[in-house]
Structure formats: C-alpha cells, structure tokens
Amino acid sequence: MQAFSVRHLLGIKDINPKDIETIFETADNFKDVLNRPIKKVPSLRDITIANIFFENSTRTRLSFELAEKRLSADTINFSSSNSSVKKGETLVDTVNNILAMKVDMVVMRHSSPGAPHFLSRHINANIINAGDGTHEHPTQALLDAYSIREKLGEVAGKKVAIIGDILHSRVALSNIFCLQKLGAEVMVCGPITLLPKHISSLGVKVELDVKKALQWCDVANVLRIQLERQQIKYFPSLREYSLYYGINKQLLDQLGKSIVIMHPGPINRGVELNSDVADSEHSIILHQVENGVAIRMAVLYLLAGTK
Ligand code: CP
C-alpha cells in the first residue's frame, strides 16, 4: 500500500501534491476495476464505515456508499433528519454512539464549517469530510481535478475558471487548493457580491465579466447559486443573474475555441447553466460523477492503510 501523509481527509489544504497524485494513481486502478464485469474487490473486507449526513446530498452520499460496497466494506448510514439529533443529542454523543458499534471510518457532511475537524480531535476513527458548510469539499475537488486530468491529459498549466457563487461554495475553496497544488492557474468569476473580499490573497485571478473568464480559460467549473445559505439578497433576481452570468450555447459559440464545462451538481438549469451547454459535447458533468466513485474508493482505501 502507498504512503499517505494524513490519517483523516479533512480538507485539500492539509494534503500535499504527492498525496493527490497517489489518490489519482490509486483511482486509475479502481477505475479499471469498475469497468470489469465483476466490479468488486475485497480490499476493505472487515472494515466498517459510517456515512453520517447532517445535510442533504445525492451525489456524494450515493458515491461514497457505492465506493464502500465496491471495496467490500460493511456500511451503516445515518441521516440527521430522522435521528435522535431531533431530540437534542449532540454531535459528539451521536458519533460516539455510532463508534461504540465498532466503526472504523466516518464519512461526514455537516452544515457547520470545521465540524469534521472538531470530530477528529474527539474520536479515533478515520474521518472523511464530505462537505462542511461553506468551508471544504475535498473529494469533490479531487474528482474534479481527476476529471480534468482525464479529459486534457494533465492539470498542470491548465487555466480553470470557477464561475458563480464563490462566497458560499466549499467546492470553490477545495478546487482552488487542489488545482494550485497540481500546477493549474485558477480564476474566480462572479458578481462582486458573491466573491469573498480577500479571495485574491489565495493567488487566484478575479474577473467580473463572464465572457472574459470564458475567453481566458481551458475549463469552466460552473457553480450553483446557493440560495439556502444566503440570508440577504446578493443580486436583484435569479433572472438577472442568469442574464449576466448564465452560460449558454450562444456564449460558447462566440469564443472561437472549445472549452470544457464542469459542474459539481446539483445544477439549477436555466440559471447558471442552460441545458444546451449542460448536455452538450463540452460538458463532462456525468464523467465527474462517474469518476467520483473511483476517487472515493481510492481515498477510503488509502486512509484505511494509515491505521
Ligand atoms: N456535488 C455534491 O456535493 O452534490 P450533493 O450535494 O448531491 O452530494
């Protein structure tokens, strides 16, 4: 088994470029497995994994569950919406009760930034952050960079524009860390109200004009407007946002070059992305989802090896 520098995957900020390459090489092997008639390997037999989700998810949750099953792990699934959290049980009590059932690894999504970091100081199991509020979503960034590597051959030297609601996005921050560690140039683009004030201190270019961002980039990673995290109005209306920042076929046709379109999902069709782009030959959105399983298999396998 290859060396891995961390016991938990809490964020891309904490891992080094060699870790990321190790994850990608391991994911390459698991992708081969997933393309075989028998898609299962015994690598995590006798390992028990708890998927604990305090926030809604479709892709991440199903992708982790499938990755665990493909590795022959035993899994249990917890969703806060139908649990004793509703009766006032704390995060640490909830997780300690789950761990008392002899769980080895915890995959956690939580609406509070830092929740998995807090947990890692209180429990012994390996923890994987499946998205903590507006902070990080490390496996999403890994599968995004892996999908760029698959489509364009390598990530180093590529120009990636992250377009949309950067302020509320954990995907944006993890992508910035991951892409920079792999040698890509990163730009963020959106309305000024949806860009964090000091974002340029992360070494990214900042652009307010989506046409200029699309002209500059090789890859556009388009993000959703996260209305559920917005307590105030950051722009007049979704219609106006779509008018100024929505990406459609007409915009791409004007570029005179072909760019790759990504989106972590869920897509607000007709807001940040039109169907004539989301479902076009430019889009690798469903490849991202497919690659998510191999990436998550790789992360689970490598972290299990750090025990
Ligand atoms: N990309 C992503 O995190 O999607 P879900 O919220 O559906 O898991």
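All figures in this text were calculated on a predicted structure; none of them were measured in a lab. The basis for the numbers below is simple: all heavy atoms, side chains too, and nothing from hydrogens, waters or symmetry mates.
Applying the side-chain hydrogen bond (donor to acceptor under 3.5 Å, both in side chains) test to Glu150 and every residue at least two apart in sequence or in another chain returns Lys31, Asn291. Listed by chain and number, the residues in a side-chain hydrogen bond (donor to acceptor under 3.5 Å, both in side chains) with Ser275 are Arg269 (sequence neighbours excluded).
In this structure a side-chain-to-backbone donor-acceptor pair under 3.5 Å is missing from Gln226 to Asp165. For Asp132 (side chain) and His110 (main-chain N/O), no donor-acceptor pair under 3.5 Å exists by modelled atom type. Side-chain atoms of Asp104 come within 3.5 Å of backbone atoms of Thr48 as a donor-acceptor pair (strictly under, hydrogens ignored). Between the side chain of Ser79 and the main chain of Asn82, no donor-acceptor pair closer than 3.5 Å is present. Side-chain atoms of Thr60 do not come within 3.5 Å of backbone N or O of Ala130 as any donor-acceptor pair. Side-chain atoms of Lys39 come within 3.5 Å of backbone atoms of Arg36 as a donor-acceptor pair (strictly under, hydrogens ignored). Distance alone, capped at 3.5 Å, places no donor-acceptor pair between the Ser174 side chain and the Val171 backbone. Here the side chain of Ser242 pairs no donor or acceptor atom with the backbone of Gly246 at under 3.5 angstrom.
At least one cation-pi condition fails for Arg109 and Phe53: the charged atom is not both under 6.0 angstrom from the six-membered ring centre and inside a 45 degree cone around its axis.
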Going through the checks in order, is the side chain to side chain donor-acceptor pair (under 3.5 Å) test met by Ser72 and Arg45? CA-CA 5 Å; Ser72 306; Arg45 206 168 48 199; over 6 Å; no
Determine, stepwise, if the pair Tyr301 / Phe30 fulfils ring-ring contact (aromatic ring centres under 6.0 Å, His included). CA-CA 10 Å; Tyr301 173 78; Phe30 285 131; 5.5 Å; yes
Trace of the salt bridge (charged side-chain N to carboxylate O under 4.0 Å, His left out) decision for Arg170 with Glu55: CA-CA 13 Å; Arg170 53 194 174 211; Glu55 227 191 33; 3.0 Å; yes
Worked verdict on His263 versus Gln288 for side chain to side chain donor-acceptor pair (under 3.5 Å): CA-CA 8 Å; His263 193 302; Gln288 290 172 256; over 6 Å; no
Assess whether ring-ring contact (aromatic ring centres under 6.0 Å, His included) is satisfied between His117 and His8, documenting all intermediate values. CA-CA 9 Å; His117 307 68; His8 309 286; 9.6 Å; no
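Under 3.5 Å, the side chains of Glu65 and Asn51 contain no donor-acceptor pair of N or O atoms. One side chain, Asp28 or Tyr146, offers a donor N or O that lies under 3.5 Å from an acceptor on the other.
Electrostatic pairing of Lys249 and Glu281 does not count as a salt bridge here, judged by no charged N lying under 4.0 Å from a carboxylate O.
Here the CD atom belonging to Gln140 is positioned 10.5 Å from the CD1 atom belonging to Ile295, to the nearest 0.5 angstrom.
With a 4.5 Å cut-off between side-chain heavy atoms of Ile, Leu, Val, Met, Phe, Trp and Tyr, the cluster of Leu10 takes in Ile52, Phe54, Ile76, Phe78, Val85, Leu91, Val92, Val95, Ile98, Leu99, Val103, Val106, Met108, Phe118, Leu119, Ile123, Ile127.
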